[in-house]
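None of the values given here were measured: they were computed from a predicted structure. Here is how names work: the chains are called A, B, and so on, in the same order as the sequence lines, proteins then strands, and each is numbered from 1.
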Number of protein chains: 2
Amino acid sequence: MDSMGIMARKPMAADQALRLDNQICFAVYSTAHAFNRVYKPLLDRLGLTYPQYLVMLALWERDDVPVKDLGERLFLDSGTLTPLLKRLEAAQLIRRTRSTEDERVVLIALTPQGHALREKAKAVPQSILAASDCTVGELLAMKDEIVALRDRLNAALGE
Amino acid sequence: MDSMGIMARKPMAADQALRLDNQICFAVYSTAHAFNRVYKPLLDRLGLTYPQYLVMLALWERDDVPVKDLGERLFLDSGTLTPLLKRLEAAQLIRRTRSTEDERVVLIALTPQGHALREKAKAVPQSILAASDCTVGELLAMKDEIVALRDRLNAALGE
DNA sequence: CTCAATTGAATTGTGCGCAATATAAATTCT
DNA sequence: AGAATTTATATTGCGCACAATTCAATTGAG
């Protein structure tokens with residue numbers, strides 16, 4: 001339909017914008033899967049899936065927290081977290097208890113095994129760093145850019 | 001590179017490395033979800049999910065291709081693609097036919113409706129660009145960095 | 001030419017991710 | 001206090017992702 005001329009001012013022709021290779025979202029999407037595949041053999045040894053590992057990371061920083069709290073830190077809702085947390089409970093890594101102050105709240109706390117797993121997990125970031133073939137500095141810089149993008153996307157959702 | 005000397009490669013303390021906020025993988029993971037949420041209302045109008053949209057992007061560039069071919073372009077396997085493609089077929093956007101030369105191969109071709117949908121999809125990248133609140137140049141630069149990271153991760157898997 | 005190995009898809013089972021809905025507890029508003 | 005609203009979690013249903021397995025078609029070695 002549209003040929004040249006009027007399109008000259010546009011930042012990118014629509015045809016180009018639809019190319020798979022030009023999509024930053026596909027880059028992010030496929031990189032997330034690549035991370036998942038690199039993590040898998042490492043996390044198998046801990047008996048965790050990648051999302052479960054993220055939950056454990058969050059809990060190692062602060063536990064005895066409501067599900068809601070975890071959800072906000074991880075950008076996940078109860079539909080995802082409830083079954084995941086039940087599996088972590090079945091694996092004896094966490095305990096789920098109703099708060100006595102507010103009976104709607106379920107507090108998530110680490111068990112001794114859950115705390116202990118942290119020591120085994122300490123080796124994981126090293127292996128990921130090696131697989132990424134980047135320096136810590138490069139990764140941290142890229143992380144900051146990506147987080148800034150994520151936060152702008154999330155801000156756009158709120159409007 | 002490495003003008004900062006040996007410090008640039010010094011690994012960070014294991015405690016720091018386990019912090020959720022320091023994980024580039026979490027940045028990528030949570031950004032992928034943020035993209036998904038931004039795309040959802042746009043793709044709902046096309047009747048597509050985000051992975052289905054990626055498949056259509058790939059097919060708009062080149063169709064009449066084996067499932068295997070699509071899988072390599074999208075980094076997905078038949079376990080993911082087979083049911084997804086059946087849904088696209090049910091939606092009349094593609095046709096799945098066995099190759100006559102090699103009966104193992106299923107060729108994926110766009111229907112007229114599948115081709116036509118491309119026009120409606122042209123508006124999507126603009127909306128994403130707006131939500132990202134970045135310039136095209138910034139996004140393309142970031143994309144290249146992320147793709148380079150993805151390719152190094154995938155290379156590490158092959159070893 | 002035969003039979004073992006390989007290849008391309010499909011199938012099965014598990015675990016996210018999220019929308020929509022449900023439910024019960026807490027809060028707010030008359 | 002009682003009703004309406006809000007809040008925190010749980011449930012259901014659908015669609016990915018991916019490992020593991022199956023199966024038929026093709027290729028390759030002897």
Side-chain angles (χ1 to χ4, degrees), chain A residues 25-26 29-41 43-44 47-56 65-72 74-91 94 96-108 154 157, chain B residues 25-26 28-41 43-44 47-56 65-91 94 96-108 154 157:
Chain A
C25 61
F26 175 60
Y29 166 90
S30 53
T31 304
H33 292 331
F35 265 121
N36 219 326
R37 289 190 281 264
V38 172
Y39 268 102
K40 179 139 205 327
L43 295 182
D44 277 350
L48 295 174
T49 65
Y50 179 66
Q52 288 168 6
Y53 172 68
L54 290 181
V55 168
M56 294 302 289
V65 291
V67 172
K68 181 106 203 292
D69 199 273
L70 269 179
E72 279 165 9
L74 298 166
F75 303 96
L76 295 173
D77 69 1
S78 71
T80 300
L81 286 175
T82 297
L84 186 156
L85 292 169
K86 284 183 176 174
R87 282 185 281 271
L88 288 180
E89 187 182 37
I94 65 165
R96 297 161 64 251
T97 52
R98 290 259 162 212
S99 164
T100 49
E101 284 133 42
D102 186 338
E103 295 264 339
R104 294 170 306 179
V105 170
V106 170
L107 293 171
I108 307 299
N154 281 332
L157 279 175
Chain B
C25 60
F26 175 60
V28 172
Y29 166 91
S30 53
T31 304
H33 292 330
F35 264 121
N36 219 326
R37 288 189 282 264
V38 172
Y39 268 103
K40 180 138 204 328
L43 296 182
D44 277 350
L48 296 174
T49 65
Y50 178 66
Q52 289 168 7
Y53 172 68
L54 290 180
V55 168
M56 294 302 289
V65 292
V67 172
K68 182 107 203 293
D69 198 273
L70 269 179
E72 279 164 9
R73 285 199 269 165
L74 298 166
F75 305 96
L76 295 173
D77 69 3
S78 71
T80 300
L81 286 175
T82 296
L84 186 156
L85 291 169
K86 285 185 176 175
R87 280 185 283 270
L88 288 181
E89 188 182 39
I94 66 165
R96 298 160 63 250
T97 53
R98 291 252 163 219
S99 164
T100 49
E101 286 135 43
D102 187 337
E103 296 263 340
R104 293 169 305 180
V105 170
V106 170
L107 293 171
I108 307 299
N154 281 333
L157 278 174

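For A:Asp44 and D:dA20, the CG to C1' distance is 13 Å, given to the nearest whole Å. Whole-Å rounding puts the B:Asp77 CG to C:dT7 P distance at 16 Å. B:Leu107 has its CG atom 12 Å from the C1' atom of C:dA9, to the nearest Å. Rounded to an integer number of Å, the gap from CG of A:Leu48 to P of C:dT14 is 19 Å. Between the CZ atom of B:Phe75 and the P atom of D:dC18 there is a distance of 11 Å, rounded to whole Å. Between B:Leu70 atom CG and D:dC16 atom P the separation is 14 Å, expressed in whole Å. When the P atom of D:dC16 is taken as reference, atom OH of B:Tyr53 falls 15 Å away, rounded to whole Å. A straight line from CG of B:Leu85 to P of D:dG15 spans 14 Å, rounded to a whole angstrom.
Both A:Asp102 and B:Pro51 sit near DNA chain D, but only A:Asp102 has its closest nucleotide nearer the 5' end. Taking the nucleotide of DNA chain C with the nearest heavy atom to each of A:Leu84 and B:Pro83, the more 5' of the two is matched to B:Pro83. Residue A:Pro66 is the one, among A:Pro66 and A:Asn36, whose nearest nucleotide of DNA chain D lies closer to the 5' end (criterion: closest heavy atom).
For A:Glu103, whose side chain is taken as the heavy atoms from C-beta onward, the closest listed nucleotide among C:dA19, D:dA8, C:dA26 is C:dA26. For A:Val67, whose side chain is taken as the heavy atoms from C-beta onward, the closest listed nucleotide among D:dT9, C:dG17, C:dA9 is D:dT9. If you check D:dT11, D:dA8, C:dA9 against the side chain of A:Lys86, the one that comes closest is D:dT11. Across C:dA9, D:dC18, D:dT11, the shortest atom-to-atom separation from the side chain of B:Thr82 is found for C:dA9. Of the candidates D:dC18, C:dA10, C:dC16, the closest approach to any side-chain atom of A:Gln52 belongs to C:dC16.
Considering only side-chain N and O atoms, B:Arg98 lies nowhere under 4.0 angstrom from the phosphate OP1 or OP2 of C:dA9. The phosphate of D:dA17 (OP1 or OP2) has a side-chain N or O of A:Tyr29 nearer than 4.0 angstrom. Put simply, B:Arg87 has a side-chain N or O that comes within less than 4.0 Å of OP1 or OP2 on D:dC16. Residue B:Thr49 has no polar side-chain atom (N or O) positioned under 4.0 Å from OP1 or OP2 of D:dC14.
Judged purely by atom type and a 3.5 angstrom limit, A:Arg98 uses its side chain to pair as donor or acceptor with the backbone of A:Arg104.
A pairwise comparison of heavy atoms in A:Ala34 and B:Asn154 identifies CB-OD1, 3.6 Å as the closest pair. In terms of heavy-atom proximity, B:Leu54 sits nearest to A:Phe26 at CD1-CD1, 3.8 Å. Annotation for A:Leu85 and A:Ile108: closest pair CD1-CD1, 3.8 Å, computed over non-hydrogen atoms.
In terms of polar N and O atoms assigned as donor or acceptor, the side chain of A:Ser78 never comes within less than 3.5 Å of the base of D:dA8 in a complementary pairing. Taking 3.5 Å as the limit, the base of D:dT7 and the side chain of A:Arg104 contain a donor-acceptor pair of atoms between them.
B:Phe75 pairs by the ring-ring contact (aromatic ring centres under 6.0 Å, His included) definition with nothing, not counting sequence neighbours.
Contact annotation for A:Leu81: no contact, since no heavy-atom pair falls under 4.0 Å across all strands. A:Glu101 comes within contact range of the sugar-phosphate backbone alone, with a heavy-atom separation under 4.0 Å but no base atom that close.
In this structure, A:His33 and A:Tyr29 have perpendicular ring planes: the angle between them is above 60°, well past the 30° mark.
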